[in-house]
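Remarks on the structure that follows.
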Amino acid sequence: MNETICGLPPPTNATPLAYAPGSRERDSIRVELDRALAASVEIPVIIGGKEVYTGRMKPVLCPHDRTKIIAHFHEARPEDVRDAIEAASRAKAEWEAVDWRERAAIFRRAASLICGERRFELNAATMLGQSKSVYQAEIDAVCESADFFRHYGGFMKHIFEEQPASLPDEWNRLEYRALEGFIYAISPFNFTAIGANLAAAPAVMGNTVIWKPATAAVLSNYLLMRIYREAGLPGGVINFLPGQGSVTSGGLLPHRDFAGLHFTGSNQVFDSLQRDIAAGLGNYRSYPRVVGETGGKDFALVHPSADPEVVVAQAIRGAFEYQGQKCSALSRIYIPASMKASVLDRLVEETRTIRTGDVRDFGAFMNAVIDGAAYESIMGYIERAKASASCRILAGGKGDSSVGWFIEPTIILTEDPRAESMSSEIFGPVLTVHVYDDSRAEEIFDLIDSTSPYALTGAFFARDRKAIELAQARLRNAAGNFYINDKPTGAIVGRQPFGGARRSGSNDKSGASLNLLRWTSPRAVKENFAPLREWRYPYMRPETD
C-alpha cells in the first residue's frame, strides 16, 4: 500500500510547433506523410484489448484526393457490440478500484507519447484522413489531446477536494464513484482531440467506455487506441467500435447497463439518441447521464470603435481555418456602415488571396471539406444565396470536386439579417456579412440573440470599454464561450472551458472539471464517533412541578 501523500505534476498546455521552412518538424512531418500514404493500414475493431477483424471492410479516403486510400477499417457487427458490453463489464470493477492518481498517470503517459515519439504519426493521420493543414492538425491532434490528458489529474483533484464540513464527533465525507454501467462515446470527424476526450474523460473517472469514432477520423482515432495501450491502459476500459451508428446505438442504448452518453455531432443525431434514451428509461439501472455538444451559428459583432486590422485577421482565421468545419467557426458577422471600407472591403480583399490545396502543400491555408455529402450541402447554401435577391457573393462562391472536395472561402453580403446563411449552420467556409447602421448598434444585440437557435460561441470587437461591458450583458445567453477582440475559435483546455447551451448542447464544458463531474456518482458517508445510546428526545420527558 502506498501511504505517500504527494502532489500531482502541475498541468501545462502543450506548445504547438511552427513547421516553418527549414525546421526539423517540417522535415519530419513530410517523411511521415509519405510513409502514411504508402502504407495501407488495416484497422480492426478493438474489444477488451483484443483486435477483431470482422471482414466488413470500408475504405478511408483523403478528402483532398479521393484516389488515395490511406486505410481500411473493419465495421463492427451486432455481435461485436454485445461483446464490447461484456468486455466493459468485466473490466469495470478492477479499473474503478485503481487509485485515481494511477489513472491520471496513464493519461499523462499518453500525453507524453503524443507530444513525443507519436507526434508526427498522429498529425499525419489527422492531416490525410481529415484534410487538415499541418498547423491545424498540430493544435488539435497533438496539443489539445495532450492538454486534456495532462489536465485530468488536476480536474479530478479539484473535484475530490470538495468535501462537506464535520463536527468534532463526526466525520463527513464524499466518495466519488464511477457510474453503474458503461459509457457510450460518439465522436465527430473534425477534431482528433474530441475523440480523445469523449472516450477518455469518463474513463479517467473510473468508467469503462464503448467508443464509436467517425468514419473520416477512424485512422487518427485508431492511433489513439494504440497510444492508450502503450501508455498502460488496461484492455476493456475503452472499446473501439468503428462502423455504422445504427449498429452500435441499436445494441447499446436499449441495454440495462447503459449509464451515459458522451456525444459531439449533429443536432439531428443527438435528438434521435435522446428520444431513444427516453424510450428506454424504464429499463435502465439508473438514469443515464447525457452530455452533448452539437451545432453553432457563431457570430462576431463589430463595434464602431473596433480596430479594423484586428477584426480582419481574426475574422479570416475564425471563419476559414479548417474550411469552417469547426462548431465554433465564425459564420456570421455584423459590421457597422462606418467601417465598410476599413473592415468589409479589406476582409474581401484578403479572403481572395487565400489558397486551397492538398495538405502536403504548406502554402495552402485551406484544404478540402470532409466528403461529398458535406460538399453538396455547403454548395447548396452558396447557390441559394446566389439566387436570393437579398444576397450577393463578394468573394469565392465556387467549388471543385474533380479531385477532392474543395470549396473557395466564400463571403456573402446580405441585406436580410435573418437570411438562411445568417441563421442556419453551414459547417463550411462560408461567412455571411450584414452591414448595420451605426445608430442601430444597440438593436443588433437583440438581433444576434434571436436569429439562431444556437448559443455556442460569439465574439465582440471594440476598444470602447463601456461598449464591451454592454455587449457582455446583452449577449449573456447568446454564447457559452464569448470572446472579446478575439476570434470565436481556439478554446484551450484549462483556460477556456468549451460548450454552449440552447440547441448547441448541454454546456457541460469540456476542458474543465465540470465535464468530469458528470462521469461520477457521489456518495455521502457519515461516521459517528460518539453515537447516542438513548432514543428518547428531551422534549419527551414528563413535566415536573
Side-chain angles (χ1 to χ4, degrees), residues 296-320 324 328-351 381-382 384-386 388-396 409-426 430-479 482-488 502:
K297 189 63 181 176
D298 310 298
F299 65 85
L301 173 56
V302 181
H303 187 265
S305 70
D307 183 330
E309 188 175 11
V310 169
V311 174
V312 171
Q314 298 292 340
I316 287 175
R317 286 195 174 184
F320 301 130
S328 58
L330 177 60
S331 186
R332 52 185 172 129
I333 186 169
Y334 302 79
I335 299 173
S338 62
M339 303 185 80
K340 183 178 180 299
S342 60
V343 173
L344 179 56
D345 293 352
R346 191 169 174 187
L347 177 61
V348 170
E349 181 182 350
E350 289 293 321
T351 299
Y381 282 102
I382 294 172
R384 289 192 293 277
K386 289 178 180 178
S388 171
S390 65
C391 297
R392 181 159 56 97
I393 304 295
L394 300 184
T410 298
I411 295 178
I412 300 170
L413 176 65
T414 183
E415 298 173 357
D416 178 6
R418 298 186 186 276
E420 180 187 46
S421 63
M422 287 291 280
S423 58
S424 298
E425 184 181 38
I426 299 175
V430 179
L431 175 62
T432 304
V433 180
H434 176 65
V435 176
Y436 69 91
D437 190 287
D438 291 47
S439 63
R440 295 180 53 235
E442 289 202 21
E443 297 176 28
I444 297 298
F445 293 129
D446 291 333
L447 180 66
I448 290 172
D449 195 43
S450 62
T451 297
S452 159
Y454 302 104
L456 188 55
T457 72
F460 183 68
F461 292 90
R463 286 179 282 199
D464 183 325
R465 193 68 215 176
K466 288 186 177 179
I468 292 172
E469 292 174 6
L470 179 63
Q472 289 185 82
R474 294 288 298 275
L475 297 172
R476 180 176 176 83
N477 293 310
F482 188 67
Y483 297 81
I484 300 167
N485 293 319
D486 201 356
K487 59 186 173 61
R502 296 179 180 170

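All residue numbers refer to positions in the sequence shown, counting from 1. These numbers were taken from a predicted model, which means no experiment stands behind them.
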Problem set entry | Candidate pair L475 and F445, rule side chain to side chain contact (heavy atoms under 4.5 Å, CB included), full reasoning | CA-CA 7 Å; L475 297 172; F445 293 129; 3.8 Å; yes
For this session: State whether the side chain of T457 and the backbone N or O of S328 hold a donor-acceptor pair below 3.5 Å, judged by distance alone.
Result: yes
For this session: To the nearest 0.5 Å, tell me how far I382 CD1 sits from C391 SG.
Result: 12.0 Å
Seminar exercise, completed: In short, P336 meets V435 closest at the heavy-atom pair C-CG1, 4.2 Å
For this session: Report the C-alpha separation of I393 and I412 in whole Å, then their side-chain angles, then the decisive distance to 0.1 Å, and conclude whether the side chain to side chain contact (heavy atoms under 4.5 Å, CB included) test is met.
Result: CA-CA 5 Å; I393 304 295; I412 300 170; 3.6 Å; yes
Exercise. Salt bridge (Lys or Arg N to Asp or Glu O under 4.0 Å): which pairs involve residues 340-350, sequence neighbours left out?
Worked result: K340-D345
Exercise. Is it true that atom CZ of R317 has more than 12 heavy atoms of other residues, nucleotides or ligands lying nearer than 6.0 Å?
Worked result: no
Exercise. Where is the tightest heavy-atom contact between P308 and M339, given as atom of each residue plus distance?
Worked result: CG-CE, 3.7 Å
For this session: Please examine the side chains of R332 and T451, heavy atoms only from C-beta on, and report whether any two atoms are closer than 4.5 Å.
Result: yes
For this session: May I have the step-by-step check of side chain to side chain contact (heavy atoms under 4.5 Å, CB included) for L344 and L394, ending in yes or no?
Result: CA-CA 10 Å; L344 179 56; L394 300 184; 4.0 Å; yes
Problem set entry | S423 versus P453, closest heavy-atom pair with distance | O-CD, 4.1 Å
Exercise. Which value, rounded to the nearest 0.5 Å, describes the distance between F299 atom CZ and F460 atom CZ?
Worked result: 10.0 Å
For this session: To the nearest 0.5 Å, tell me how far E425 CD sits from Y454 OH.
Result: 4.5 Å
Exercise. From T410 OG1 over to Y381 OH, what is the distance, rounded to the nearest 0.5 angstrom?
Worked result: 14.5 Å
Exercise. Under 4.5 Å between any side-chain heavy atoms of Q472 and I484, yes or no?
Worked result: yes
Exercise. What pairs of residues pass the side chain to side chain donor-acceptor pair (under 3.5 Å) test when at least one of them lies in residues 432-445, not counting sequence neighbours?
Worked result: S338-D438, S421-T432, D437-S439, R440-E443
For this session: Under the side-chain hydrogen bond (donor to acceptor under 3.5 Å, both in side chains) rule, collect the residues that match up with D449, sequence neighbours excluded.
Result: R502
Problem set entry | Rounded distance [0.5 Å steps], CD1 in I411 versus CG in L347 | 4.0 Å
For this session: Just do the side chain to side chain contact (heavy atoms under 4.5 Å, CB included) check on K297 and L456 with the steps written out, would you?
Result: CA-CA 7 Å; K297 189 63 181 176; L456 188 55; over 6 Å; no
Problem set entry | Inter- and intrachain pairs under salt bridge (Lys or Arg N to Asp or Glu O under 4.0 Å), touching residues 414-423, at least two apart | R384-E420
Review item, side-chain donor-acceptor pairs of residues 462-471, under 3.5 Å, at least two apart:
unit_1: R463; atom_1: NE; unit_2: S305; atom_2: O; d: 2.9
unit_1: R463; atom_1: NH2; unit_2: A306; atom_2: O; d: 3.3
unit_1: D464; atom_1: OD1; unit_2: K466; atom_2: N; d: 2.9
unit_1: D464; atom_1: OD1; unit_2: A467; atom_2: N; d: 3.2

Problem set entry | Point-to-point distance, once rounded to the nearest 0.5 Å, from CG of L301 to CD1 of I444 | 7.0 Å
Seminar exercise, completed: Those residues at least two apart in sequence (or on a different chain) that pass side chain to side chain contact (heavy atoms under 4.5 Å, CB included) with A319 are L330, L431
Problem set entry | Note, V348 side chain near V433 side chain (heavy atom, < 4.5 Å) | no
